[in-house]
Protein chains: 2
Amino acid sequence: MVAKRDGTQDKRPQRQAAPSVQDPPLSLERIIATAVELLDAEGLDGLKMRRLADRLGSGAMSLYWHVANKEQVFDLALDSVLEYRGPSQISDSPDWRQAVFHMLEDWRASMLRHPWSASLLPRRALGPNILGRLELLGSILSRAGVNEADLNGAIWSLWNYVMGATITRANFDLSDEDMLAGQQRLAHLSQEYPTIVRARLLLDNDWDGVFRKGLDFLLDGLVPRQ
Amino acid sequence: MVAKRDGTQDKRPQRQAAPSVQDPPLSLERIIATAVELLDAEGLDGLKMRRLADRLGSGAMSLYWHVANKEQVFDLALDSVLEYRGPSQISDSPDWRQAVFHMLEDWRASMLRHPWSASLLPRRALGPNILGRLELLGSILSRAGVNEADLNGAIWSLWNYVMGATITRANFDLSDEDMLAGQQRLAHLSQEYPTIVRARLLLDNDWDGVFRKGLDFLLDGLVPRQ
DNA sequence: ACCTGAACACCGTTCAAGT
DNA sequence: ACCTGAACACCGTTCAAGT
């Protein structure tokens with residue numbers, strides 16, 4: 001029997017898993033960055049404090065020195081993912097419509113890159129990054145001619161639209177087999193849901209195109225082209 | 001940020017809460033109806049199998065004879081709340097626009113009566129009641145002149161819009177004090193978010209009016225008035 | 001100031017039994 | 001066929017300590 005040399009085949013939990021380069025010390029930034037990684041990999045339910053600590057090479061309870069509780073981890077991970085580096089000065093460029101599209105499509109793309117963030121955003125407090133986006137949106141619309149009394153409603157209309165489209169898209173991002181299975185189950189009920197089956201509700205959905213088209217319609221209504 | 005605290009000053013678990021009239025036997029209907037009650041009272045996180053069993057006057061494990069697991073309770077409670085008793089034959093009435101508005105506003109109202117259902121719907125399978133609504137929606141739009149190639153996109157546009165508006169509304173239904181606190185925190189940052197503060201983003205929001213207005217714009221785009 | 005393990009109060013669900 | 005309690009494998013968090 002050969003003595004185990006290098007922990008390659010270890011059975012034990014082995015807490016001290018060869019901190020070869022010695023993990024850097026815990027910090028709020030490192031915790032949040034790792035939480036985002038974990039959320040991306042395992043989804044909302046996959047974020048467990050113990051698992052997060054494991055990834056950080058620390059004991060589970062060490063996190064609580066930097067963070068009040070799990071909810072705060074969610075809040076910080078969420079806002080960290082919503083930063084907008086877009087051309088915030090272009091807001092007074094002549095093409096306000098393009099500026100709105102740019103920010104909203106970037107917002108949607110950010111959430112789709114981290115699908116857990118879409119379902120999380122509506123139920124958490126608004127962090128600075130998302131507030132920054134809303135501020136930018138409001139200022140563009142305002143400069144485009146939306147009067148003050150309608151501004152609140154216009155902002156929320158667009159928020160609602162983006163959130164609905166993104167949450168749906170993020171959650172219906174099924175595997176092809178799932179979609180096929182769903183459609184087959186539907187087809188089996190084609191006399192109960194004839195229109196839906198004809199429309200191929202779960203197939204051939206051009207999510208991006210649908211998003212842009214609806215956004216166009218909404219903007220036409222909110223800021224009539226003159 | 002205020003932690004959600006359950007203000008009810010319960011003293012004891014009180015298992016055997018005087019089954020005065022002897023609870024009726026367990027049944028799927030009774031389980032689902034009680035689950036809806038519990039969800040209405042305590043929210044998504046408030047639904048625990050043990051608590052549900054308590055309300056039913058049964059042991060926790062008895063539920064598992066009628067139900068596979070907690071997820072199934074969610075699925076069934078969700079669809080049970082989305083039934084549409086609306087005038088399904090009126091779909092070929094001359095006023096298709098009114099028919100769409102009626103169904104979508106009723107859908108939104110149903111979800112707002114059970115706020116947990118809004119956040120749940122996008123992540124669960126589509127039950128018969130919601131499929132029925134989509135079928136009705138598709139058939140009305142089709143008769144209103146939306147051609148087959150655009151039907152899928154039109155249905156999803158409206159779905160996205162309704163879900164976004166409702167999820168947001170359901171989750172931002174803050175107490176007056178919360179809203180005031182939020183706005184005050186914002187006001188404190190009025191040089192960072194001047195537009196948002198001016199628009200009174202968190203106050204004076206006519207959710208129902210915003211919903212109807214945006215829906216009008218969307219329908220104008222999807223089915224141009226001739 | 002920062003990190004830790006033991007321990008507590010849960011929660012969903014399995015299992016082996018009861019009627 | 002229907003219901004049950006004991007028990008298991010978790011999970012967030014408190015606490016009393018360690019450095």
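Order of the sequence lines fixes the chain letters, A, B, ..., with proteins taken first and strands second; residue numbering starts at 1 for each chain.
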Item to check | Partners passing side chain to side chain contact (heavy atoms under 4.5 Å, CB included) against I130(A) (at least two apart in sequence or in another chain) | outcome: D79(A), L82(A), W107(A), L121(A), L126(A), R133(A), W159(A)
Next on the checklist: If I pick the C1' atom on dA9(C) and the same atom on dC10(D), what distance separates them, to the nearest angstrom?
Outcome noted: 13 Å
Next on the checklist: One pair to check against ring-ring contact (aromatic ring centres under 6.0 Å, His included): W156(B) and F211(A). What are the steps and the verdict?
Outcome noted: CA-CA 9 Å; W156(B) 282 116; F211(A) 177 76; over 10 Å; no
Next on the checklist: Let's see if you get this right: which residues in residues 56-72 of chain B place a heavy atom under 4.0 Å from DNA chain D?
Outcome noted: S58(B), G59(B), M61(B), S62(B), W65(B), H66(B)
Checklist entry - With the threshold set at 4.0 Å, does a side-chain nitrogen-carboxylate oxygen contact exist between E105(B) and R212(B)? => result yes
Next on the checklist: Under 4.0 Å between a side-chain nitrogen and a carboxylate oxygen: does that hold for E42(B) and K48(B)?
Outcome noted: no
Next on the checklist: Using whole Å, what does the distance between atom C1' of nucleotide dC10(C) and atom CG of L47(B) come to?
Outcome noted: 15 Å
Checklist outcome for this item: Rounded to whole Å, CG of L44(A) lies from P of dG12(D) at a distance of 13 Å
Item to check | Consecutive-pair stems (at least three Watson-Crick or G-U pairs, under 3.5 Å) that include DNA chain D | outcome: C:4-8 with D:12-16, C:12-16 with D:4-8
Checklist entry - Side-chain donor-acceptor pair under 3.5 Å between Y193(B) and H188(B), yes or no? => result no
Next on the checklist: Tell me the interatomic distance from L26(B), atom CG, to dC3(D), atom P, rounded to whole angstroms.
Outcome noted: 5 Å
Checklist entry - Within this structure, what is the CZ-to-C1' distance between R50(B) and dA9(C), rounded to whole angstrom? => result 11 Å
